Every structure is written in C-alpha cells, then in structure tokens.
Amino acid sequence: MRLPILQRLASGEVLIADGATGTMLQAAGLPTGTPGEAWVLERPEEIMKLHRAYVEAGSQLILTSTFGGTRARLKHVLSLALSEANGANEGKAGLDVQVSEINTRAAELARRVAGDDLYVGGDIGPTGEMMAPIGSLTYQAAVELFAEQAQALAAGGADCIYIETMSDLNEAKAAIEGARQACDLPVFCTFSFDTHGRTSMGVSPAQAAEAMAELGVPAIGANCGHAPEELLDLLPQMRQAAPDAYLIAKPNAGIPHMVKRQVVYDATPQRMAELALRYVELGASIVGACCGSSPAHIAAIREAVIRDA
Amino acid sequence: MANERLFEEMTNAVIAGLPDKACELAKEALRAGIDPLAAIEQGFKPGMDVVGEGFATGELFIPDLMMSSKAMKEGIAVLEPEMMKRKQKLKTLGKVVIGTVQGDIHEIGKTLVATMLSANGFEVHDLGVDVSPQRFVDVVRQVNADVVGLSALLTTTMLNQEAVILTLKEAGLRDQVKVIIGGVPTSPEWAEEIGADAYAENATEAVEVVKGLVKA
C-alpha cells in the first residue's frame, strides 16, 4: 500500500513518472484532431494499455489522460455547442455530464492500473484561452473551470492534482485555487519554458518558482518545452527561488520534426536517461518525460536513476 | 518640434502597452490638428516595430505584444473619424487569410501572428481554429487574398497544412495566393516538402516574410 504522495516524496527517493500520452495514443491510432480525452469513454482499453505500458516500464506515478479536460477545451472537441446565450440547455447539460464523466472515468482507469501501490496524478492542462486583460477569460471563470475538472479527477481516485504545461502565471494560480476549492488533494504545478528560457507568456523559472512557493505548492517544475537539455539550466533557477519545493522534471524528447513523413523526436531513451540522472543531481524528486517519449524512454530513465540511487 | 514630442510619446505608449494613454495622445494629436495618418505612421507604428523586434529577440513576450497592439489599435480607432473626414485610408499592404488547420484547436500562436500582421498594415481575415481546407479556399476566393497563413501545433495536424495546399490547387487558386506555414513542429523543410511558399518561426518573422511574399 502506497504512502500519501507527499510522504513518499519526503522519503527522498526519486519518483518515476510516466512519459507522453498524446503522441503515444496517436501512435496507437487516435485519429488526427481527436483528443485523448475522447478515448477515455470510447476506447478505455487503449488508455489502460498505455498506462500499463508505463507501469511495466517502471513508472510509479501515472498521469490521467485529461490534459485537455477542462470544459474550455472539451467544448471545442466534443462539438457540443455551448450556447448559453440563447439558453440551449440541452447542450449545456450534455457537456456538464461529459466534463465530469471523462475526468472521473480517466482517473478510475489510471487507478485500476496503478492499483494500491502506485500513484495517479490527476492531470490538468491549460484552458487554451488567453486570460484577461489580453484575452477574455477572467480569473474567476478560470478558477471555476479548473475546480470542475479537479473535483471530477479527485472523485475518480487521483492521489494529487497535477497541473502542467502552464505558461501564464495567472492561469496557473487559477488552476491551483480551483483545485484547492474542489478537493483536499496535494496540488502540483509545472510550467513549459519554451520561449528563450521563459514560458511563452514571459514567466521566468524563478518567477514561477517564487509564486508557487508563496502559494505553498509542494512540488513544482518544468515539463514539455524544447530540448530536454534546457532543464539543466531551468531546474537550478527554480531550486534557488523555491528551496523547499520538490522539483519535477518531465521534458519532451526534443522537438518533433518530419522526416520522410514520419514524426521524429531527437532524444533517444539513452539520452533521456543520461539527462534524468543529471536532473536528479540537480535536486529533482520526480522525473519522467513528455511529448515524443515512450515506455522505452521511461524504462531507460528508471534504470539509470534507480541504479544510481 | 511639438509634433515630434507627441509622436515620441505615442511611440512610448505603444511600447509600454498602455491603451488609455494611446487614446489620450491620439485625442491630443487631433486637437493639435495633426494629420492622423502621420500620427499613426510616425507615432504608433515605430512603437510596434520596437515591440516586434523585442519579441523576436526574447526580451518581450506574448502579453507585451498583445497589450502593445491593443494600445495601437485603440489609438487608431480614436483617429479614424478624422481620417474618414479627410477621406484618408490606412494603406493596406495586402490581404491575409489566416487560421489554425483542421483538427487543431491551438489558438494563441495564430492569433499572435494575425495581430502582428494587422498592426503592421495588413488586412487580416482570421478564420479561427479547426478550419477546414474548403473554408480556407472559400475565403481566399471571396476576399481575393494575397497570402494564406496556416498554423499547426501538432505533428498530426501538420498534414492538414498540405491538405489546404492541395485543395487550393484543385480549386485553381494556388497560383494566385502565397502560402505561409508556422507552428512548433513545422520547419522550412516541411514548408518545402508540402509546397508552401514560406515558413516563419515567430510572429515578428511572419510579418517580414509576408511583406516579402506580397512584394514577390
């Protein structure tokens, strides 16, 4: 039986997370334009198969297939018109049910594979909308979107709410606030520093870490992004700004490009494993990988990190 | 002399991304009887150039760009009635149709490029996200576009950039419109492979590339 996840992190032993979800599901036949969330209800066996592949590769923390699981994103992809203005209540009710159902179900699928011993992170990604004053999404509306998703993830049995790929500090704060309103689970948050060493919205690793420390977020870090090598610079900056936080390193396997119509990511499992060791040296407590990685990457990371632990 | 000082303040209001200040200065320019076109060209526009440059070099980020373009847009709106009175029109560098390709709902990068093109004098038709090849073709024909911009943020949706190009060919429109692509997984090589005319890495570069395309 697993310890509560914060106790497990406090033990000092590195926790191995999982790798890509989206790109792996696409490789398994998820059609272009269909988000992974759709398969939670339509092809749950595929979602579980992927979770299982990561667990077999050595993942101890698997993330739910709910990166795009806020209502803001699901409303695009489920083609359920959300015309609140003209009172189309039927469509709205349909979406209400599906936002909760998809997230809860996704957490249940992950829990079934993780069992009693491994951890499930209830994954939350950005809404895809810009926050006011630049965009139209208000802070309060964002809090509600995230609370709705977090509540459903908690109901499905997640061990923590795992917010990732954030670029706007305000949106990250809204996600944290929403998750805390919705449940008592620990809330983690990682950012994607993909633009000249900052997030696309200009947030530096130190700014992100400071803000997270102020909010008392226990585990913070970097995910996705460009080259996995960049984390070697980013992690120390976060460490310095938030000395007490557990650090998470979950980079892409490089940037994708097309070679002869095949998508290729540059970083091999071997390379990712070498880097994972260095993340741990820099203080990372949770290591995994993001887009373009596979169970082979996680297996290599696990072998390197656990062997040297 | 006084005009120059005012223009400089307008430039700075755009750089700082202050819509209210930009509007106030636009009103001041009108009161002083300054030619609204000159106010735009010599006041607001240089500010946008500075911001575009800062964005390309990594000193400025999306919020800066968006607030600056907002300042410029709102400032120009104040000047517009006077321009109408004088029967002036902002010169358009060309017509651009832009959107994120089918199956892809990533909006921010595309919106940024649209904003920068618009701030730099292009007439921009932003079709939004998840745009079908047919819709691109229909609007290209309808507005007689000079350039069509295709954004894709997923390796799986990049192929739909090619689908738009093929649909343009089928419609007999490919020779009339230049195609530029962008988005994280795309590259100059990909542009070449699918027969696009150009690729741009960021919004600032996109402005320069599109300027080149309409000249060509």
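Lettering of chains follows the sequences in order, A, B, ..., and the numbering in each one begins at 1. Since the structure is predicted, the reported quantities are computational estimates derived from the model, not experimental observations.
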Requested in this report: Please report the closest heavy-atom contact between A/T195 and B/F61, naming both atoms and the distance.
Outcome: O-CE2, 3.5 Å

Query raised in the report: Where on B/E193 is there a heavy atom nearer than 4.5 Å to chain A: the side chain, the backbone, both, or neither?
Result: both

Query - Structural part of B/S187 lying under 4.5 Å from a heavy atom of chain A - result: neither

Query raised in the report: Does anything in residues 199-206 of chain A get under 4.5 Å of chain B by heavy atoms, and if so which residues?
Result: A/T199, A/S200, A/M201, A/G202

Nearest-0.5 Å distance that lies between atom [atom1] in [X] and atom [atom2] in [Y]:
X: A/Q26; Y: B/L154; atom1: CD; atom2: CG; result: 6.5 Å
X: B/T111; Y: A/E129; atom1: OG1; atom2: CD; result: 11.0 Å
X: A/R198; Y: B/E59; atom1: CZ; atom2: CD; result: 10.5 Å

Can you establish whether the number of heavy atoms outside [X] located under 6.0 Å from its atom [atom1] is more than 12?
X: A/Q140; atom1: CD; answer: yes
X: A/Q207; atom1: CD; answer: yes
X: B/K211; atom1: NZ; answer: yes

Query raised in the report: Looking at B/T57, B/L112, B/L65, which one has more heavy-atom pairs under 4.5 Å with chain A than the rest?
Result: B/T57

Report summary line: Greatest number of non-hydrogen atom pairs under 4.5 angstrom with chain A, of B/M158, B/E107, B/K70, falls to B/M158

Query raised in the report: Do A/M130 and B/M66 pass the side chain to side chain contact (heavy atoms under 4.5 Å, CB included) test, and can you show the C-alpha distance, the side-chain angles, and the key distance before you say yes or no?
Result: CA-CA 10 Å; A/M130 286 204 236; B/M66 297 301 284; 3.9 Å; yes

